[in-house]
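In what follows, a single structure is set out as structure tokens and then discussed.
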Protein chains: 2
Amino acid sequence: MVVSTNLSDAEVDRLFHALADATRRDIVRRTVEGELSVSRLAEAYPMSFAAVQKHVAVLEKVGLVTKVRHGRELRVRSDPDVVDRARRALDELAEAWQGRVQRMADLLDSPEGD
Amino acid sequence: MVVSTNLSDAEVDRLFHALADATRRDIVRRTVEGELSVSRLAEAYPMSFAAVQKHVAVLEKVGLVTKVRHGRELRVRSDPDVVDRARRALDELAEAWQGRVQRMADLLDSPEGD
DNA sequence: CTAATCTACAACCAAATGGTTGTATCAACG
DNA sequence: CGTTGATACAACCATTTGGTTGTAGATTAG
């Protein structure tokens, strides 16, 4: 069975919000290449460990990354499915435009008279 | 000629942020179906005219919509190209995952020794 | 057990967000 | 001209965000 593709408005809000930060997008990119502990990630950015921790928490809350225990570290790894869901949300908007082309004939005039 | 596909981090930040609000996504959807004045849009949401105006301004700043004068109203209409750019930004992340599959063999072990 | 490392979390702060109301401008109608 | 409708914009407010520091809890090494 195909996983339900539709997210609620609130979920799409949070998903796009999570992606609306360059640091968070970079964390996603880095953890795609391989799992990384929060400490390693924190070394990569000009901000405190706690700040990076918060970014990871935002990503985790929307499911873009998950944490996996390895000894005493928690490694962060990203989840492809969720980015895919974001793409589908954008596809919906894009499809609306496709649809518009179909309906152009009906819309050549503006709906209100003047 | 193909429009340059790459946006700066800051631009992607603003683009995703603009899309991270259900009201703004709805404005984009509605103005895809046909141009609408800000006043007409404002009637559709349970908030003040000024609030809707601000949402439109956010969308306008990132180029998701533009305004066109018609008599005494300014009609809002959405720009398909920009959503497309957002999709490409997501595609970059998605491609990283594709790439990971290629490099799986190299990454079967974690990079750090212990 | 103790020390060291990694993580979690609370408290705090400045700036941005999302909403409000009110006022001013600008174009069309009589 | 004055009035009306559509828009712009400023001031204000509550909440959230993105950052900080500091403290406490887990887990591993000795």
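Excluded from the calculations below are hydrogen atoms, water molecules and symmetry mates; all remaining heavy atoms, backbone and side chain alike, are included. Per chain, numbering begins at 1; letters A, B, ... match sequence-line order.
Nucleotides of DNA chain D nearest to A/Val58 and B/Phe49 differ in position, and the one nearer the 5' end is that of B/Phe49. Mapped onto DNA chain D by nearest heavy atom, B/Leu74 and A/Arg72 fall at different nucleotides, with B/Leu74 at the one closer to the 5' end. Nearest-nucleotide mapping onto DNA chain C: of A/Lys67 and A/Lys54, the residue sitting toward the 5' end is A/Lys67.
Closest non-hydrogen pair, A/Ala18 versus A/Val62, comes out as CB-CG2, 3.8 Å.
As a whole-Å value, the separation of A/Arg75 CZ from D/dT27 C1' is 14 Å. To the nearest angstrom, C1' of D/dT16 lies 11 Å from NE2 of B/His17. Across the protein-nucleic acid pair, A/Leu41 atom CG and C/dT7 atom C1' stand 13 Å apart, rounded to whole Å. Distance, B/Gln53 CD to C/dT17 C1': 17 Å, rounded to whole Å. Note: CG (B/Asp13) to C1' (C/dT17) measures 15 Å, nearest angstrom. To the nearest angstrom, P of C/dT20 lies 7 Å from CE of B/Met47. We find that CG of A/Leu36 is positioned 11 Å from P of C/dT7, with the value rounded to whole Å.
Applying the 4.0 Å criterion to OP1 and OP2 of D/dT21, one finds that A/Ser48 has every side-chain N and O outside that range. A sub-4.0 Å separation between OP1 or OP2 of C/dG19 and a side-chain N or O of B/His55 is present.
With hydrogens and angles ignored, no donor-acceptor pair closer than 3.5 Å exists between the side chain of B/Glu73 and the base of D/dA6.
Taking A/Asp21 as the reference, nothing meets the side chain to side chain donor-acceptor pair (under 3.5 Å) condition, with sequence neighbours excluded.
Checking C/dC6, C/dT20, C/dG18 against every side-chain atom of B/Asp21, the shortest atom distance belongs to C/dG18.
Between A/Arg25 and B/Asp9 the shortest side-chain heavy-atom distance falls below 4.5 Å.
Pairs engaging residues 44-59 of chain B under the side-chain hydrogen bond (donor to acceptor under 3.5 Å, both in side chains) rule: B/Arg24-B/His55, B/Asp26-B/Tyr45, B/Arg30-B/Tyr45 [sequence neighbours left out].
Contact check on A/Glu11 versus A/Arg14 returns no salt bridge, with no Lys/Arg side-chain nitrogen under 4.0 Å from an Asp/Glu carboxylate oxygen.
Among the atoms of the strands shown, base atoms are found under 4.0 Å from some heavy atom of B/Ala50.
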